[in-house]
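As the structure is a computational prediction, the values presented were derived from the model and not from experiment. Numbered from 1 within each chain, the chains take letters A, B, ... in sequence-line order.
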2 protein chains.
Amino acid sequence: MKYTINEIAKLCNVGKSTVSRVLNKDPKVRSETREKVQRVIDRLGFQPNRSARAMRAGREPVVGVIVSKLDSGSESQTLRAILQALQVEHITPLIVESRFQAEQVRHHFQLFRKRQVNAVILFGFFPLPLEIVREWQGPLVVIARTYPNINSIYYNDEQAITCLMSELYRQGHRRIAYLGIEDSDETTGKLRTQSYLQFCRSHHILPNLTLVELSAESAYRHCAELFTQPVDALVCATGRLALGAFKFSQQSGKVFQMAYVGYNEPLQYMLPNALSFDFGYYQAGLKAVELLMRQLQGESLTEHHLISVEQS
Amino acid sequence: MKYTINEIAKLCNVGKSTVSRVLNKDPKVRSETREKVQRVIDRLGFQPNRSARAMRAGREPVVGVIVSKLDSGSESQTLRAILQALQVEHITPLIVESRFQAEQVRHHFQLFRKRQVNAVILFGFFPLPLEIVREWQGPLVVIARTYPNINSIYYNDEQAITCLMSELYRQGHRRIAYLGIEDSDETTGKLRTQSYLQFCRSHHILPNLTLVELSAESAYRHCAELFTQPVDALVCATGRLALGAFKFSQQSGKVFQMAYVGYNEPLQYMLPNALSFDFGYYQAGLKAVELLMRQLQGESLTEHHLISVEQS
DNA sequence: CTGAAAGCGCTAACAC
DNA sequence: GTGTTAGCGCTTTCAG
């Protein structure tokens, strides 16, 4: 049932090192011998023992992946890409959830050290203090946030908002409101808000915005504030907020064109006409793994990769 | 930076087996010695090499987890539990997606064999032929579906439907429609449909049902068929279908009490008054790991575990 | 080109 | 109680 390199060697009447060479595609094996050995390997379905190989190699490649929430549309897209890319590289992913809590991240780092994780991919879909991120010594790629000297894949917040605004403007909307995140969140919050204000300024639109917490409920509760004035269209900083706004529109009967940043399947289904800006989450995952691989291969340069793909 | 048991031994002036004993909490070590060794271990942050241990043990515990879709509310809940439970057992999970395709499952099984996965947890949230499931030789737990001689965690379909129906009935609804899955799906389909019909019969309700495919879109398209008659309340076989029905209610302006089986965060948020029957997905995950552990420990009995917890 | 032999870091007999 | 020793399955010199 479970063969070892030794048994294969005996069956082939060769030394085990030859079998090893065949397994590792060492060119200096006579093709005749190679085929003989390969045939036996195939016939028996022999698989070299992973642990033994790992031990010999001195390290087993394991990448820790910290997502913020498993059931999040945008993150799942990225995670899917990461999983696939890592599989190709024969790297084992270790997935954990931060649930948007920096403290959890710290905790996971500890676990990773214990489990001898070589590298980490961290989803930063929420404000995360630099000093916590710094706690990870070793290869690291952060997604959706940037820090000095730390590799990252981040999204073009300005482009996302500007793009949505332009489209709404093109459609003829002029009273465009904005539901955003508080400035304490540098990227999803501050940056996007500023882009909104910037666009308003350059297009002579009177800003009408409210900043809330990153939850549908908070968005829902504060949405009414925007509608003390007439509103044609509403831009939401995230899909989560858009869900709250959608509920508001249901309850209040207000009709407006919806636009949001992110990928949210149920919302996309319920509101097919809404504008959504997908950053290219899948691409981001692939890129993250690529960056990580480079770090693992010793290149220690820092890169900040901008991902931006428009959709819908 | 990276120590071995040998170095620790030298630093402590003990043999490496003593260090090993300390690591493995072998009782027959003088507490004095133990402390001395432990102190050094702690000070240096020494972590025994996983691969070496795994090799020695002859097997590295890896459990393959086949979910149908990463971003599914119900499954994420279960997956979360599985991840946590496996972590406690120091078992590495290998997560892959089936995307509701039996062929993918077969493919993943192959991968698992290559990667020397010891056991599998399979999410069966869709019809899956027995012969495919059989392809996995070895410890296996199937969630949400049962097969002869295969360990499983399954849900009490009858109870779920009956429970929702009873509650609707209690609330005074009499014209209760049902949106279900076709009979080709044994559990989510046939079983639930029958439970609906059963309830109708025993409570003298005129059945009003439509069977559709397992997608929101299909539900949405066929929903109108139910409303050729007056409807007070609607029971949906799954959260996905409920999403389609919700859209229908939006578009058609029909008002009715909604009820569905499953856990769906956005829906729960949008329709807080809807009745939902949560099977206890988290519990199911814990149970799945427990069953698997027993198999790994050699008990080869088959168990079919019924999970049922009511909520909302 | 191929085989013999020496370990990788750890655990488990087996001695003392 | 504790040290010594023999491998687990594999890769990698080092000789032939």
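- We find that B/E290 and B/R294 are joined by a salt bridge, their nearest charged nitrogen and carboxylate oxygen being less than 4.0 Å apart.
- Contact annotation: B/T4 does not reach the phosphate of C/dC8 (side-chain N/O to OP1 or OP2, under 4.0 Å).
- At a threshold of 4.0 angstrom between heavy atoms, the contacts of A/R56 include nucleobase atoms, whether or not backbone atoms are also involved.
- The side-chain heavy atoms of A/L214 and A/T188, taken from C-beta on, include no pair separated by under 4.5 Å.
- D/dG3 atom P lies 14 Å from atom CZ of B/R34, rounded to whole Å.
- Two residues are said to be in side-chain contact when any heavy atoms from C-beta on lie closer than 4.5 Å; A/T78 and A/I143 meet this criterion.
- Atom CG of A/N6 is separated from atom C1' of C/dA5 by 12 Å (rounded to the nearest Å).
- Summarising the geometry, the separation between NZ on B/K28 and P on D/dG3 is reported as 15 Å, rounded to the nearest angstrom.
- The nearest whole Å value for the distance from the CD1 atom in B/I5 to the C1' atom in D/dT5 is 14 Å.
- Atom CD of A/E35 and atom P of C/dC1 are 14 Å apart (whole Å).
- As rounded to whole Å, 17 Å separates atom C1' of D/dC8 from atom CZ of A/R50.
- For the OP1/OP2 pair of C/dT2 and a distance below 4.0 Å, the side-chain nitrogens and oxygens of A/R30 include at least one atom meeting the criterion.
- Regarding contacts with the backbone of C/dT11, a side-chain N or O of B/N24 is found under 4.0 angstrom from either OP1 or OP2.
- Note on A/T33: a side-chain N or O is less than 4.0 Å away from OP1 or OP2 of C/dT2.
- When each of A/Q84, A/K287, A/Q77 is tested with A/Y282 by the rule side-chain hydrogen bond (donor to acceptor under 3.5 Å, both in side chains), just one qualifies, namely A/Q84.
- Taking for each of A/R21 and A/K16 the nucleotide of DNA chain D with the nearest heavy atom, the 5'-most of the two is the partner of A/K16.
- Counting heavy atoms from C-beta outward, A/Y263 and A/E265 have side chains that approach closer than 4.5 Å.
- Rounded to whole Å, the distance from CZ on A/R53 to C1' on D/dG9 is 10 Å.
- Position along DNA chain D of the nearest nucleotide to B/S17 versus B/M55 favours B/S17 as the more 5'-ward residue.
- Counting any heavy atom pair closer than 4.0 Å across all strands shown, A/D26 reaches no nucleic acid atom.
- Within 4.0 Å of A/V14, counting heavy atoms only, lie sugar-phosphate atoms of the nucleic acid but no base atom.
- Taking atom NZ of residue B/K25 and atom C1' of nucleotide C/dT11, one finds them 16 Å apart after rounding to whole Å.
- For D/dG3, one of the phosphate oxygens OP1 or OP2 lies less than 4.0 angstrom from a side-chain nitrogen or oxygen of B/T18.
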